[in-house]
Amino acid sequence: MDIAVFGANGRMGAEVCRAVGRAEGLDLVTGLDYGDSKEDAGQAQVIVDFTHPESVMDNLKWAIENGIHAVVGTTGFTEDRIAQVREWLADKPEVGVVIAANFSIGAILMMDFSKRAARFFDSVEIVELHHPTKADAPSGTATSTARQIAAARQAAGLGPVPDATEQEVPGARGADIDGIRVHSVRVKGLIAHQEVLFGTEGETLTIRHDSLDRASFMPGVIEAVRAVPNRPGLTIGIEGILGLEDPTPNA
Ligand SMILES: NC(=O)C1=CN([C@@H]2O[C@H](COP(=O)(O)OP(=O)(O)OC[C@H]3O[C@@H](n4cnc5c(N)ncnc54)[C@H](OP(=O)(O)O)[C@@H]3O)[C@@H](O)[C@H]2O)C=CC1
Ligand SMILES: O=C(O)C1=N[C@H](C(=O)O)C[C@H](O)C1
């Protein structure tokens, strides 16, 4: 299968180019970076996008219009963006698009465990920690985790998180995503890490995941690349591709 990588000179794109090069049955036809013409990617059956939230929609529109499947790791997928992608796909129902905020198996399990734990705890906050050159805050993974926890709390009939939100300094209590507090740390030496802290009377539960190397994302990316031609339409997250039940929105 012929693959083109968008963002090929970036931290993730370069790793994906190497992973595709090693994967049996996958051929890297081209790696594109900012400003490159997309023409060479026209030969590909699947594009993989790890670019920038400001670039990804143009790339995706182009791929769908040209009948090319896409695996997207770039973050920044709001509900409006997801709706836009669905609209483009309506005109090309044979095209498959997989969008996932995180391709690492450990991170996917961390989100899954957090979703399961959500209904048992009154308090919950998320701390995401990343390398200092990350383009966005909060991370796509933290946003997705917060949304999934909020949905699980609502389904269980829990009210809003009861903890104090007063702050003398703006930002001290983090961002509010669907009622869940999210704190973003940017520190040199880190790659991608997240803690979900739950609390109730007399006990806490902390679920932590660490990506210590970008290699952690590659098995998920390669699985998604192999799967996407057989999954027309939009797939959010790779839970279904990995055989985990109950895929939930994680834009
Ligand atoms: N889903 C997941 O599992 C993961 C997702 N990510 C996400 O992936 C994205 C990229 O992260 P990262 O690799 O660290 O970022 P980098 O900045 O290292 O890489 C992005 C690359 O994309 C290039 N680029 C920007 N626009 C375009 C375009 N239109 N066409 C082709 N290339 C383009 C940039 O070029 P230039 O520098 O010239 O602008 C840069 O080389 C982020 O949104 C990040 O959050 C990251 C890790 C895992
Ligand atoms: O930019 C990164 O590095 C990462 N981005 C993704 C996100 O925003 O969640 C996935 C992972 O956290 C690494």
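Order of listing sets the numbers, starting from 1, for every ligand and every atom in it. All of these numbers come straight from a predicted model, not from anything done at the bench.
With a 4.0 Å cut-off on non-hydrogen atoms, Asp36 does not touch ligand 1 at all. Counting heavy atoms under 4.0 Å from ligand 1, residue Ala192 does not touch it at all. Only backbone heavy atoms of Ala101 (N, CA, C or O) come within less than 4.0 Å of ligand 1; its side chain stays farther off. The backbone and the side chain of Thr51 each have at least one atom closer than 4.0 Å to an atom of ligand 1 (non-hydrogen atoms only).
Given atom 14 (O) of ligand 1, the protein heavy atom at minimum distance is Arg11 NE, 2.9 Å. Residue, atom and distance of the protein heavy atom nearest to atom 39 (O) of ligand 1 are Tyr34 CB, 4.0 Å. The protein heavy atom nearest to atom 19 (O) of ligand 1 is Gly10 CA, 3.3 Å. For atom 12 (O) of ligand 2, the closest heavy atom belonging to the protein is His130 NE2, 2.6 Å. Among protein heavy atoms, atom 8 (O) of ligand 1 sits closest to Phe50 CD2, 3.4 Å. Residue, atom and distance of the protein heavy atom nearest to atom 46 (C) of ligand 1 are Met12 CG, 3.5 Å. Regarding atom 26 (N) of ligand 1, its nearest protein heavy-atom neighbour is Ser55 OG, 2.7 Å. Counting protein heavy atoms only, atom 3 (O) of ligand 1 is closest to Phe103 N, 2.9 Å. Scanning the protein for heavy atoms near atom 6 (N) of ligand 1, the closest one is Gly73 O, 3.8 Å. The protein atom (non-hydrogen) at minimum distance from atom 3 (O) of ligand 2 is His131 NE2, 2.9 Å. With hydrogens left out, the protein atom closest to atom 7 (C) of ligand 2 is Gly140 N, 3.4 Å, a heavy atom.
Of all the heavy atoms in Gln167 and Gly174, the pair that sits closest is OE1-N, 4.4 Å. Scanning both residues, Phe217 and Phe103, for their nearest heavy atoms gives O-CB, 3.5 Å. Taking every heavy atom of both residues into account, His183 and Glu125 meet most closely at NE2-OE1, 2.6 Å. Closest approach of Arg186 to His131, counting heavy atoms only: CD-O, 3.4 Å. The two residues Thr165 and Arg173 come nearest to each other via the heavy atoms O-CG, 3.8 Å. Heavy-atom minimum distance, Ala146 versus Val182: CB-CG2, 4.1 Å.
Separating the CD1 atom in Ile207 from the CZ atom in Arg116 is a distance of 10.5 Å, to the nearest 0.5 Å.
Residues in residues 26-37 take part in no side-chain hydrogen bond (donor to acceptor under 3.5 Å, both in side chains) pair, two or more places apart or across chains.
Heavy-atom contacts of Thr75 reach the following atoms of ligand 2: 6 (C), 7 (C), 8 (O) (cutoff under 4.0 Å). Remark: ligand 2 atoms within the under-4.0 Å shell around heavy atoms of Asn102 are 10 (C), 11 (C), 12 (O). Contact atoms of ligand 2 toward Thr141: 7 (C), 9 (O), 10 (C), 12 (O) (distance under 4.0 Å to a heavy atom of the residue). For ligand 2, the atoms lying closer than 4.0 Å to a non-hydrogen atom of Ala192 are 11 (C), 12 (O), 13 (C). Shown in contact with Ser139 at under 4.0 Å from a heavy atom are these atoms of ligand 2, numbered in order with element: 7 (C), 8 (O), 9 (O). Within the listing of ligand 1, atoms 45 (O) sit less than 4.0 angstrom from a heavy atom of Lys134.
Considering His209, Gln194, Lys134, His193 only, the shortest heavy-atom separation from atom 4 (C) of ligand 2 involves Lys134. Closest heavy-atom approach to atom 37 (O) of ligand 1 within the set Asp58, Asp33, Asn9: this belongs to Asp33. Residue Ala101 holds the heavy atom nearest to atom 10 (C) of ligand 2 of all those in Ala101, Ser211, Gly73, Ser184.
Look at Gly140 and you'll find every heavy atom at least 4.0 Å from all atoms of ligand 1. Using a 4.0 Å heavy-atom cutoff, Ala135 is absent from the residues neighbouring ligand 1.
Residues Glu15 and Arg214 are not paired through a salt bridge, judged by the lack of any N-O separation under 4.0 Å between the basic side chain and the carboxylate. Under a 4.0 Å N-O distance rule, the pair Glu239/Lys115 does not qualify as a salt bridge.
Within a 6.0 Å radius of CD in Gln45, other residues, nucleotides and ligands contribute more than 12 heavy atoms.
Of the listed residues (Asp49, Asp136, Asn59), just one forms a side-chain hydrogen bond (donor to acceptor under 3.5 Å, both in side chains) with Thr74, and that residue is Asp49.
Considering backbone and side-chain atoms alike, Thr75 places an N or O below 3.5 Å from some N or O of ligand 1.
Of the possible donor and acceptor atoms, none in the side chain of Arg22 sits under 3.5 Å from a partner among the backbone N and O of Cys17.
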